[in-house]
Amino acid sequence: MKLPRAFYRRKTEVVAKDLLGRVLVHIDGDVRRSGTIVETEAYVGAHDLACHAAKGRTARTDVMFGDAGHAYVYLIYGMYDCFNVVTEPEGYAAAVLVRGVAPIEGCEGATDGPGKLCRAMSLTRAHNRLDLVGDRLFIEEGTKPPRRRIASSARIGVEYAGEWANKPLRFFIDGDPFVSRARVRSK
DNA sequence: CGGTCGATGATT
DNA sequence: ATCATCGACCGC
């Protein structure tokens, strides 16, 4: 069962947690690529200094200001794409970054990191703005993990974000082998 | 092992 | 100049 728009239109932190155990599906021509989401990060709004929308409404961040349930895919470090789901009502710029999936079908290579899972599932900026309540890219119900298996931590790679750097907005299934290794950048 | 660093290009 | 990353390469 495909998750409806109302699922995404909620509070970002809630969506980030609720996404664990769900199945990300990319219908790539005749190939179906899918994986169970095991790690996410919440970027909770324009007031969140780690959120790209903190820079205002630009060509890149525009999609986050739109309605929930759309893909926000951007290029990072000139080499990797990162896949996000837009959350909250229209006008409220926020999203959830998917950082790790356990492969189910059609994945080519590792999926334990935001850049890696995009590469493995053939997700690129060409998918930016795509409606997740559609037929090419969507998320299925899957099976939610028990509450006690959900752990949280500070987000990865956002040390520049002042007090927002330390907030526990990263969620993952504790002990899952497809959770990315949380390397903290030394400077 | 762990840490350090370069690749590579869009965005501001 | 910076960056919501990754993997190669170093020294122990």
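Proteins come first, then strands; the chains are lettered A, B, ... in the order of their sequence lines, and each starts at number 1.
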Of all of [range], which get a heavy atom below 4.0 angstrom from DNA chain C, listed by number?
{"range": "residues 36-56 of chain A", "result": "A:Y43, A:A50, A:H52"}
{"range": "residues 106-133 of chain A", "result": "A:G113, A:P114, A:G115, A:K116, A:R119"}
{"range": "residues 7-20 of chain A", "result": "none"}

**Study point:** A:E88: side chain to side chain donor-acceptor pair (under 3.5 Å) partners, not counting sequence neighbours
**Key:** A:T12

Check your understanding: For A:N128, which residues count as a side chain to side chain donor-acceptor pair (under 3.5 Å) partner, sequence neighbours excluded?
Key -> none

Can you name the atoms? Protein N/O to nucleotides 6-8 of chain B N/O, anything below 3.5 Å, with the distance.
{"unit_1": "B:dT8", "atom_1": "O2", "unit_2": "A:Y77", "atom_2": "O", "d": "2.2"}

Review point. Which residue, A:K17, A:R170, A:R155, forms the salt bridge (charged side-chain N to carboxylate O under 4.0 Å, His left out) with A:E39?
Key: A:R170

Nearest 0.5 Å, what's the [atom1]-[atom2] distance between [X] and [Y]?
{"X": "A:I150", "Y": "A:D176", "atom1": "CD1", "atom2": "CG", "value": "12.0 Å"}
{"X": "A:R32", "Y": "A:M121", "atom1": "CZ", "atom2": "CE", "value": "9.5 Å"}
{"X": "A:M64", "Y": "A:C51", "atom1": "CE", "atom2": "SG", "value": "4.5 Å"}
{"X": "A:L19", "Y": "A:I37", "atom1": "CG", "atom2": "CD1", "value": "4.0 Å"}

Contact summary for [X] and [Y], nearest pair of heavy atoms:
{"X": "A:V158", "Y": "A:A165", "answer": "O-CB, 3.3 Å"}
{"X": "A:W164", "Y": "A:D48", "answer": "CE3-OD1, 3.5 Å"}
{"X": "A:Y92", "Y": "A:G45", "answer": "CE2-CA, 4.1 Å"}
{"X": "A:T61", "Y": "A:T58", "answer": "OG1-N, 2.9 Å"}

Show me the donor-acceptor pairs within less than 3.5 Å that the side chains of residues 110-118 of chain A make with the rest of the protein, sequence neighbours left out.
{"unit_1": "A:T111", "atom_1": "OG1", "unit_2": "A:V101", "atom_2": "O", "d": "2.6"}
{"unit_1": "A:D112", "atom_1": "OD1", "unit_2": "A:K116", "atom_2": "NZ", "d": "3.0"}

Take atom [atom1] of [X] and atom [atom2] of [N], then tell me their distance rounded to the nearest Å.
{"X": "A:R155", "N": "C:dC3", "atom1": "CZ", "atom2": "C1'", "result": "15 Å"}
{"X": "A:L75", "N": "B:dT12", "atom1": "CG", "atom2": "P", "result": "13 Å"}
{"X": "A:R181", "N": "B:dG2", "atom1": "CZ", "atom2": "C1'", "result": "10 Å"}

Exercise for review: With P as the reference atom in both, quote the distance from C:dA1 to B:dG6 in angstrom, rounded to an integer.
Suggested key: 15 Å

Check your understanding: Given the P atoms of C:dA4 and B:dG3, what is the spacing between them in whole Å?
Key -> 22 Å

Review point. Do any side-chain nitrogens or oxygens of A:S180 fall under 4.0 Å of OP1 or OP2 in C:dT5?
Key: no

Check your understanding: Do the side-chain N or O atoms of A:R99 get closer than 4.0 angstrom to the phosphate oxygens (OP1, OP2) of C:dT5?
Key -> yes

Review point. Touch check for A:R60, heavy atoms < 4.0 angstrom, all strands: base, sugar-phosphate only, or nothing?
Key: sugar-phosphate

Under 3.5 Å between N/O atoms: give me all the protein pairs with nucleotides 10-12 of chain C, atom names plus distance.
none

Check your understanding: Can you list the residues that meet the side chain to side chain contact (heavy atoms under 4.5 Å, CB included) rule with A:E141, with sequence neighbours excluded?
Key -> A:M1, A:L3, A:R22

When you look at [atom1] of [X], are more than 12 heavy atoms from neighbouring residues, nucleotides or ligands closer to it than 6.0 Å?
{"X": "A:K2", "atom1": "NZ", "value": "yes"}
{"X": "A:R129", "atom1": "CZ", "value": "yes"}
{"X": "A:K11", "atom1": "NZ", "value": "no"}

Point to revise | All salt bridge (charged side-chain N to carboxylate O under 4.0 Å, His left out) counterparts of A:R149, not counting sequence neighbours | key: none

Study note, to complete from the structure: For A:E41, the salt bridge (charged side-chain N to carboxylate O under 4.0 Å, His left out) test, sequence neighbours excluded, returns A:R99

Review point. Is a donor-acceptor contact shorter than 3.5 angstrom present between the side chain of A:Y74 and the base of C:dA4?
Key: yes

Study note, to complete from the structure: Given the options A:T87, A:V15, A:D67, A:R9 meets side chain to side chain contact (heavy atoms under 4.5 Å, CB included) only with A:D67

**Study point:** Pairing string, 5' to 3', for DNA chain B - Watson-Crick or wobble contacts under 3.5 Å, brackets [ ] where pairs cross, | to another strand
**Key:** |||||||.|||.

